[in-house]
Structure formats: C-alpha cells, structure tokens
There are 2 protein chains.
Amino acid sequence: MTLKDVAEHLGVNASTVSRALDPAKAHLVNAATVDRVRAAAQHLGYRGDHVAGSLRRRATATVGVVVGDLANPFIAPVIHGIARALAAEQMLPLIFETQDDSERLAWGVNHLLSRRVDAIIVAGARFGDRRVLEAASTVTPVVVAVRGLPGSPLPHVLHDDRAGGALAARHLIELGHTRLAELRGPMDIGNFTARHEGFRDACRDAGVELVSGADFGTVPSRDEGERLARALLDQATDHPTAVFAHNDLMALGALAEFRSRGLSCPHDISLVGYNDSPTIDQVDPPLTSVAYPGAEVGEAAGSLALQLIARTGRTVPGSVFHPAIQVRASTAPPIDGS
Amino acid sequence: MTLKDVAEHLGVNASTVSRALDPAKAHLVNAATVDRVRAAAQHLGYRGDHVAGSLRRRATATVGVVVGDLANPFIAPVIHGIARALAAEQMLPLIFETQDDSERLAWGVNHLLSRRVDAIIVAGARFGDRRVLEAASTVTPVVVAVRGLPGSPLPHVLHDDRAGGALAARHLIELGHTRLAELRGPMDIGNFTARHEGFRDACRDAGVELVSGADFGTVPSRDEGERLARALLDQATDHPTAVFAHNDLMALGALAEFRSRGLSCPHDISLVGYNDSPTIDQVDPPLTSVAYPGAEVGEAAGSLALQLIARTGRTVPGSVFHPAIQVRASTAPPIDGS
DNA sequence: CTGTTAGCGCCTTCAC
DNA sequence: GTGAAGGCGCTAACAG
C-alpha cells in the first residue's frame, strides 16, 4: 500500500495525497480533498514509508546517541532526557554503545553518518576521540554531552565537574578534615580530570594535605573503587580522615573495603561520592554525594541538537550545569587528635 | 559523494562499485578491481547511504525498542542486553518511550512500522496493548519482552515472575512468618499480577494468612510503595510480620515508612523486594530481593528478534528465565509471640 | 488548488 | 567479471 495506490484509489495524484497527509502542507490542499484522502488512507490501512521520505527529504528524524556503557546506571537518565527532548519533534534516538573503546566509537560515528542521522549526541567521548568527532561535525551537527572535550569547539552540554570536585573538598575541609584523599576515575575522561583538578585546587587553596598516589581507576567501577581504597589504606603513611570518590560506584567499593578493615564510616573516615545515584541515600551510611543532573543534561543536549538541526550553520551556545552537594551521614568531623 | 561518483572516477559502472564494497558480493568481482574500488572509496571519502540502501533492500538493520520509562533504573540493563545482541549483526536499536501510556504505545509502534524497522521488541506492554501488538506482528516480527501478555501467541522473552513471587513467600514462611502482606504493583502489568499470584498461591498452599487489601500501586514507584505501606499499617487489624514489595523501589518506600513509624526492619518487620537492583545490597538494612536478570533477558530478546528476522515466518520458541532470591539482612524470623 | 516531472542513492535483475 | 536499465516510495520544483 503506497501513496500511489491511495492516489489511484481516489483518482487524484500522488502529490496531492502526499500533501494532504503532511500536516505542514495540508493547508495547500482543498479541505474536502484532505478529508477524502485521510479517510481513504485510514480505510486502506496506508502507512507512509519513512525510509523513502528520508531519502527524498534528506533528513531522517533520527539522532544518533553514542554512549560508553548502557549498563552504567548513570547514563539511563541522560538517554531519558534526550528521548524526551527529541519526542517534541517526533524524532527518535538511535543508540550506539562504544563499550568505552575508541575504535568502536570511530566506527559507530561513521556508521551513524552513513545512516544519515540528523545529528549525533556523544555522551561517552574520551580525549582521543576529538579528531573523529570534529571530522564528523563537518557532515552533521555533533553535540558533546556529559563528557567534555577540553579545547574543542564542538557545542557541548556539560556539568561543571571541576566545581563539583571543589565542592566536595570544601565540604570536607569545613568539617575540619586536614588529610584528604581521592579515588580517581580514568584520567582520559573529562569528568574525572575535572573532578580531580577541582578537588586538588580547593585543597591547595585551603592549605590542606592531599594524601594520594598518582594512581587512578582504569574504569570508574565499584571494583576499581575497592582496589584504590585498598591501595590507599595499605600505604605506610598516615591515613586520610576523609576520601572523595569520583563516583558513587567507586564510593561503594571503598565502603566495602573500609568495612572489611573494621573502619567505620563516618566515625573513622568520611566519604563523599559523585552522581547522587537513586538509592544512594539509603545505603549504610547514607552517602554524601555531589548531584549529577543526568536527565537535565540529556534534555538540554537533545534540545541543543534540535536547534542545531533547525538552524544549520548558525552558532548555538552550549550550556554548563552547576553542581550541588547532598550532605548525608557518610561525612562528619574527624575524630579529635587523629 | 555517491556510488556513481566513485564509479565515474574509476571509469567503471556503479554496479561494480556496489558489489566491490559489499563483503558478501565482492567475490563476484575481479580481485584487482575490488582493491581499486576500495582504495578509491577510501581516498574520496565515500560513505555509503544506508537510507537509500534500506529503501532498495527493504530492510533497515534497525530494531524498534519500546520501553515504558527509561528513568526506571531496571530497564537500562535490558536495553544494554538488546544492544549487545543486535551489535553482532550491526543492527542498532531505535528507542521509543511510551511513558506507560497505551495511546503513546500505539502511536509509537505505528511510527516504528512506518520507519520500516526489521523487528520490534516491546519491553513495556500492558494488557490493553495486546491487540495493537498482534496487529503489528503481521507487518514485522514483534517480540514481547520483560512484561508478558498472557494468552498472546507473540514470541516472548520473560522472567518467571510467578515463581519469583512464590520464592519470596516461601522464604518468609520458612523463616516462621505467619502473617504476610504484599505491596502490589499495577495489576495491568503482567509481571506484577504474576508476582501477586505466585505469592498468594504459595501462602495459600502453606496455610498462611495474607494480610492485605485489594489495593495496589498505580505505578511501581517508591512513593506508591510508601503510600501502600502506610495504608497497610494504618489498618486496625494485626500488622503483618513480613512484607513482599513487588519491586525494590516500592520496598525502599516501605522502608522509609517503617522507619518513620519507629518500626525496625527486620526486627519488627521483614521486607523482601524484587529486581535485586545494583546498590540494593548496601541499603540499611541490605535488602533481600528476588533477582531479575535484566541484561540476560534483553540479550535473549535481541537474539530472538535476530532469529525472527533471519527466518521470517518460521516459528521460534520464546524463553523464560527462572528467578533466584538473594537473601540479605532485611528478612529474619519473627519475634516470638508476636 | 492540483498535476507533471524528475529524481534522492542504491541494489538487483538481466544481458553480454 | 562487468554493464545497462529499472525501480524501491516519496516529495520538491515547476506548471498550469
């Protein structure tokens, strides 16, 4: 059942049917004809072919979304936000998972381009991906979301992770801690370098000691958090009285390590996480965490993509969300004299 | 840069280029020509047009994925599993969110059909959606995943929620509880009716009292869990000594309500959740929960879709995963004499 | 307001 | 092993 079939059934031209069924063009057609066409289309069970339309129109109403790992619980709200924003224009997200592999990202971005997506939102970029993404942006709009690419002119929707790191540090310093440590995420991902820099600089500004090696996680997982916490506490030097984990998963790993050593949190050691994940307020102890507005970032990225599609070539400003810290029971003043 | 451009550049026919660049057809072409074509394509930056190919080939290498709500943390692993399975055939998921609205689902399924997706995986069906989905299945393969449609002949990939409900009941009964209650999810979603039936029947078989109204949640959220727990405990009759919440979010709501009433879990009341969500083992108290293998279900659904695409018309069996219960500290024997 | 024409870029015959 | 031709279904441009 094609446009032509409907047209022949009615004794009109396919173009007329095409126009009558397009809400944006129906006004060009006699109202009575529009009704007849709609009725016939309904009656015959006609369903337009979006693929053929996309080929002709040179637009697919589809936005490629590149993510590192869908299993990471913090990415779901981002996709949710993107889908919400796109739904306003009846556009749909086409998901590609890189599994945090730059080769796969390059392949995926190219594949999305060959699928003629109207824009690409990259929520899982690593520094090394900059060239590939900037090249892609000469073909279709590319929005960098969640994970920034320092120095890149690509439009972006980010969260100020540097400020978030500083927030964590200042919170601990205000509680009276003077020996802090970090459990760092991978240093080729913008979020984690920014969290690190914010934390480190705030410590330096306050003249507070930063107890930590140069080590960092290969992935920001619970296991890596546990490993780094173990390494930190195995050090012969004085233990820190407070720890900043670069995300909640790593914080949970650290918590497990603390527990296995008989260290009580926050009595013996305070802990701050990042993301303010859904149930993190109900762990034992409820975790102090820097909030990450994933759904808002996703929605803003989706809207930005829509704007870039609408006014191709025009410059559209990116946006940066500001962090807030949720203080809970995992942070407390240090024990006197420790 | 089209196929034709590459062909003209080389002085060959577009068909030859098309064949040379298709791994499955390259063997029909002189090896030397294949090399020349590949080199030229690379050199000229040719990128095939997947849209045009899809129109001609009548296949899009795309699978529509219909979900209720991406913000529900339990759906992320399912999509992850689907994406993993599809990636094996270089297919991509196109996501549509119904927001648990049947009209939106009907619209979305139709839209996906007009986009000529090669299959649709529905992970968010409600009973009322059966007709729409069966109609869609005459056009393209439809796989029902996660939420079943009792009585429907559509191929499905599910988890045995009935057995899961029974598992929860038997665990509590073995601990010695004799007055149980349920916090039920929406009764037009297959998972929750099945959990209810399994729980209820296991109680009946054991001759154990089921303290509970006919009430159930409108959505399976934390707030609804809290509301139902409040209603349950407001009843004048004897309180139950153990509660089965139909998912972890509802369990967390119940936990909050218990706490606000000064009821300690598991001392005063035991609690079982469902899904075994990522951080649920670290809440206070660590929650006993029936595990839901979301990623496995998603991967099986993706594989099933691929099979249905490959052998259209052939019957392919669905599959059902069996539940397991993770026992943690939120369940304990009842206080003697209570 | 409606019809005619001409492709969008590709792939699959069919012919040689 | 390669070329020529046709058409997938739609819509934009141009006439009338």
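Below, each value reflects all heavy atoms present in this structure, side chains not excepted, and no hydrogens, waters or symmetry copies. First the proteins, then the strands, lettered A, B, ... as listed; each starts at 1.
Proximity of B:S18 to the phosphate of C:dC10: no side-chain N or O atom is located under 4.0 Å from OP1 or OP2. Of the side-chain N and O atoms in B:R58, none sit less than 4.0 angstrom from OP1 or OP2 of D:dC8.
The side chain of A:T33 lies closest to C:dT2, out of D:dA5, C:dG9, C:dT2. Here C:dC10 is the nucleotide among D:dC8, D:dC10, C:dC10 with the atom lying nearest to any side-chain atom of B:D49. Nearest nucleotide to the B:T16 side chain, out of C:dC10, C:dT2, D:dT2: D:dT2. Residue A:A52 places its side chain closer to D:dC10 than to any other of D:dC10, D:dT2, C:dT4. Across C:dC10, C:dG9, D:dA4, the shortest atom-to-atom separation from the side chain of B:Y46 is found for C:dC10. Here the nucleotide nearest the side chain of A:K25, chosen from D:dA12, C:dC1, D:dT11, is D:dA12. Nearest to the side chain of B:N13, among C:dG9, D:dG3, C:dG3, sits D:dG3. For A:R19, the listed nucleotide lying nearest its side chain is D:dA13; candidates were D:dA13, D:dT11, C:dC10.
With rounding to the nearest 0.5 angstrom, the CG atom of A:L113 is 12.5 Å from the NE2 atom of B:H50.
In this structure, the ring of A:Y292 has its center less than 6.0 angstrom from the ring center of A:H159.
In this structure, B:L55 atom CG and C:dG7 atom P are separated by 17 Å, rounded to whole Å. Atom CG of A:L21 and atom P of D:dG9 are 16 Å apart (whole Å).
Ion pairing of B:R147 with B:D100 is present here, as a side-chain N (NZ or NE/NH1/NH2) and a carboxylate O approach within less than 4.0 Å.
Residue contacts shown for B:T2 are limited to sugar-phosphate atoms, with no base heavy atom under 4.0 Å away. Contacts of B:V12 with the nucleic acid, taken as non-hydrogen atoms under 4.0 Å apart, involve only primed sugar atoms and P, OP1 or OP2.
At least one side-chain heavy atom of B:M91 sits under 4.5 Å from a side-chain heavy atom of B:L306.
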